[in-house]
Amino acid sequence: MGSRRRVAERRKTKPAVVGGMIAVVVGGAGLGVYALYGAGAAADDRTQNTSAAADHKPKVKTGPLSAAEVTTTATTFLTSWQQGRVSTAAAATSDAKAATALLTGYTKDAHLTGVTLTPGTPTGDKVPFSVKATVTYKGLSKPLAYGSSLTVVRNTTTGKPQVDWTASVVHPDLKDGDTLVTGESGTPPIKAVDRDGGEITEAKYPSLGTVLDGLRDKYGKKAGGKAGIELRVIRAKDADSSEPKDSDKTLVELSKGTPGTVRTTLSPTLQAAAEAQVEKQARSSVVVLRPSTGEILAVANAGHGFNTAFQGSLAPGSTMKVVTSSLLIEKGLASADKTHPCPKYFTYGGWKFQNDDKFEIKGGTFKASFARSCNTAFISQAGKLDNDSLTKQAQQVFGLSMNNWAIGVPSFDGAVPVQSAAQKAASLIGQGGVRMNPLNMASVSATVESGTFKQPYLVSPSVDHRTLATASRSLSSGTLSQLRELMAYTAGYGTAAEAMSGVTGNVGAKTGSAEVDGQKKPNGWFTAYRGDLAAAGVVQAGGHGGDTAGPIVAALLKMGG
């Protein structure tokens with residue numbers, strides 16, 4: 001079940017003259033890898049060899065790889081792999097031990113036969129190739145086809161070119177430490193259904209491929225199904241626990257098992273709408289929750305290979321000011337309608353912080369600073385807070401950063417580490433070491449709307465009697481009232497107003513932009529609630545949250561509440 005990938009082939013041909021260059025076809029098993037040798041490359045090699053002989057000592061070759069080196073190295077590796085000469089193929093890589101283990105398992109454990117590898121046109125040091133093979137196990141067989149690539153690098157010690165080894169060379173779904181195995185899956189398939197009983201499939205909801213894999217891992221053995229025969233990616237165990245970091249993935253199903261049924265909290269209408277929204281914006285992710293219960297109603301990602309919405313670890317930018325504001329109000333360092341400083345700049349811990357476009361608010365209230373997302377209004381309070389103040393607030397009130405959420409599939413529940421000096425100040429505005437994802441920030445808005453943290457979940461805890469995470473305390477009614485006032489004002493008159501236009505009723509919102517090193521545009525964030533719906537989204541490298549993630553979140557909130 002779930003989406004699976006495919007692979008490609010080879011043939012024997014005789015050497016041919018191509019455009020005045022010799023095209024050498026390598027491989028007794030029919031691997032069509034073209035090694036093109038130009039006069040310049042050959043001349044360079046001869047010159048270097050002559051020089052080395054004259055000096056009576058070998059020279060380690062340095063500098064960029066030639067086209068001939070890239071092609072020859074790729075040819076050696078791919079031909080050897082195709083012909084089953086594992087030791088030769090592994091010797092052509094940067095990690096012979098890891099390559100030997102995975103390439104040996106490719107035949108022995110994955111039961112892949114008839115492997116043909118067809119290289120594409122190199123781009124610099126990178127060589128794409130397609131793979132075709134047959135999965136054969138106890139009288140059952142099915143074809144497998146997929147594309148992969150390898151990169152050739154120069155060994156800094158020997159100067160020789162070699163394949164830069166990673167597990168993804170063998171299959172793009174593999175990460176280092178993972179293995180390929182064919183056999184009885186051990187985990188029966190599942191039939192996941194939404195809150196109304198409708199079946200959930202990856203074909204219907206493309207974002208849910210990783211979710212379905214996670215549900216199967218968690219509930220396959222508990223849902224009463226029977227395992228089938230499959231080729232699967234078996235994930236490596238996390239070094240810090242006995243659990244894998246990601247869910248195992250089925251690549252080929254040789255025989256179907258009998259699925260057990262797992263009911264989720266997803267809303268079919270909201271899920272379909274969320275899928276449609278993220279397809280409009282590249283690198284976008286969104287989550288919708290029900291604040292009164294914590295039920296996850298929708299989750300969607302524009303890119304379907306990684307569930308950023310549940311497992312992402314990104315700086316949340318100014319959306320974190322919701323948490324920080326609750327802290328400042330509780331400690332008497334800010335009050336919604338009281339005057340609060342918002343200078344152009346503020347220096348703390350040796351760093352000079354500024355506001356977007358270097359604006360300032362003279363004689364304005366804290367509510368005005370929150371609504372316009374004034375960074376210095378928060379940075380200016382850093383010296384009055386302990387290093388662990390924000391960490392405790394996130395954990396004790398919002399249930400974040402304790403690594404104990406159990407939503408039913410793999411997830412990340414945020415990180416708010418204890419920091420000092422400039423990093424402490426940066427954390428107050430969602431930078432520094434703070435890391436979140438849309439699930440976490442939707443939960444923050446849900447906590448403000450409901451008044452109490454309720455751990456989000458995709459599968460009811462009654463299904464497997466698991467314990468949900470809790471927060472040790474709630475905000476006082478006075479602090480909660482002010483926090484709601486800040487978010488409502490921002491939704492109506494602040495940076496979130498344009499996106500939230502037309503979203504009526506009991507509403508609140510906060511925008512955010514998070515700078516990322518090496519990225520021209522910041523990640524755009526938006527978190528909001530409307531009645532008994534809360535949602536958050538991020539658009540990576542999208543720009544300001546109000547313009548990018550805001551419309552996605554607002555469109556979903558308009559559907560209910």
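One-based numbering along the sequence shown.
Taking the six-membered ring where tryptophan is involved, the planes of Phe77 and Trp165 are perpendicular, since the angle between them exceeds 60° and thus also 30°.
In the model, Thr365 has no side-chain atom that pairs as donor or acceptor with a side-chain atom of Asp337 under 3.5 Å. Inspection of the Ser207 and Glu275 side chains reveals an N or O donor paired with an N or O acceptor under 3.5 Å. Using a 3.5 Å distance cut-off with no hydrogens or angles, the side chains of Ser335 and Gln482 do pair a donor with an acceptor.
A distance-only check finds a donor-acceptor pair linking the side chain of Thr548 to the backbone of His544 [under 3.5 Å]. Checking side-chain atoms of Ser148 against main-chain N and O of Ser168 turns up a donor-acceptor pair under 3.5 Å. At least one donor-acceptor pair closer than 3.5 Å links the side chain of Ser476 to the backbone N or O of Thr479. A donor-acceptor pair under 3.5 Å is absent between the side-chain atoms of Thr447 and the main chain of Phe398, judged by distance alone. Panel note: side chain Asp217, backbone Asp248; a donor-acceptor pair is recorded below 3.5 Å. Remark: side-chain polar atoms of Asn437 are paired, donor with acceptor, to backbone N or O of Leu439 under 3.5 angstrom. Within the 3.5 Å criterion, the main-chain N or O of Lys321 finds no donor-acceptor partner in the side chain of Ser318. A side-chain donor-acceptor contact under 3.5 Å links Arg154 to the backbone of Gly159.
Note on residues 351-431: pairs passing disulfide (SG to SG under 2.5 Å), not counting sequence neighbours, are Cys342-Cys374. Listed by first then second residue, pairs satisfying salt bridge (charged side-chain N to carboxylate O under 4.0 Å, His left out) with a partner in residues 432-455 number zero, not counting sequence neighbours. Identified under the disulfide (SG to SG under 2.5 Å) test for residues 377-432, with sequence neighbours left out: none. Sequence neighbours left out, the pairs with a member in residues 487-514 that pass ring pair (Phe, Tyr, Trp, His ring centres under 6.0 Å) are Tyr489-Tyr493.
Note on Lys175 versus Asp246: salt bridge recorded, some NZ/NE/NH1/NH2 to OD/OE distance being below 4.0 Å.
To the nearest 0.5 Å, atoms CE (Met320) and OG1 (Thr527) are separated by 12.0 Å. Between the OG atom in Ser427 and the CD1 atom in Ile379 there is a gap of 9.0 Å [rounded to 0.5 Å]. With rounding to the nearest 0.5 angstrom, the CE atom of Met441 is 3.5 Å from the OG1 atom of Thr319. Here the straight-line distance linking atom OH of Tyr348 with atom CD of Gln423 works out to 12.0 Å at 0.5 Å rounding. The CG atom of Asn375 lies 10.5 Å from the OG atom of Ser380; values are rounded to the nearest 0.5 Å.
In this view, Lys218 and Lys222, Asp464 satisfy the side-chain contact (heavy atoms from CB on, under 4.5 Å) rule, not counting sequence neighbours. Every side-chain contact (heavy atoms from CB on, under 4.5 Å) that Lys384 has, sequence neighbours left out, goes to Leu333, Gln381. Annotation: side-chain hydrogen bond (donor to acceptor under 3.5 Å, both in side chains) contacts of Thr100 (sequence neighbours excluded): none. Applying the side-chain contact (heavy atoms from CB on, under 4.5 Å) criterion to Ser474, with sequence neighbours excluded, gives Thr452. Take Ala541 and apply the side-chain contact (heavy atoms from CB on, under 4.5 Å) test, not counting sequence neighbours, and it matches Arg283, Gln519.
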Show the atom names and distances, to 0.1 Å, of all donor-acceptor pairs under 3.5 Å that link a side chain in residues 499-511 to residues at least two apart or in another chain.
from, atom 1, to, atom 2, distance (Å)
Lys510, NZ, Ser373, OG, 2.9
Thr511, OG1, Thr495, OG1, 2.6

Quiz: residues 399-412 side-chain donor-acceptor pairs under 3.5 angstrom, not counting sequence neighbours:
from, atom 1, to, atom 2, distance (Å)
Ser401, OG, Val416, N, 2.9
Trp405, NE1, Gly399, O, 2.8

All N/O donor-acceptor pairs, side-chain side in residues 289-307, below 3.5 Å, sequence neighbours left out:
from, atom 1, to, atom 2, distance (Å)
Ser292, OG, Asp532, OD1, 3.2
Ser292, OG, Asp532, OD2, 2.7
Thr293, OG1, Glu295, N, 3.2
Thr293, OG1, Glu295, OE1, 2.7
Glu295, OE2, Arg195, NH1, 3.4
Glu295, OE2, Arg195, NH2, 3.2
Asn301, OD1, Ser285, OG, 2.7
Asn301, OD1, Thr308, N, 3.4
Asn301, OD1, Ala309, N, 3.0
Asn301, ND2, Asn307, OD1, 2.9
His304, NE2, Glu279, OE2, 3.4
His304, NE2, Asn301, O, 3.4
Asn307, OD1, Ala309, N, 3.4
Asn307, OD1, Phe310, N, 3.3

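The minimum heavy-atom distance between Lys424 and Gln419, with the atom names listed, is CB-O, 3.4 Å. When all heavy atoms of Glu515 and Pro522 are compared, the closest pair comes out as OE2-CB, 4.0 Å. Taking each heavy atom of Phe453 and Ser443 in turn, the nearest pair found is CE1-OG, 3.6 Å.
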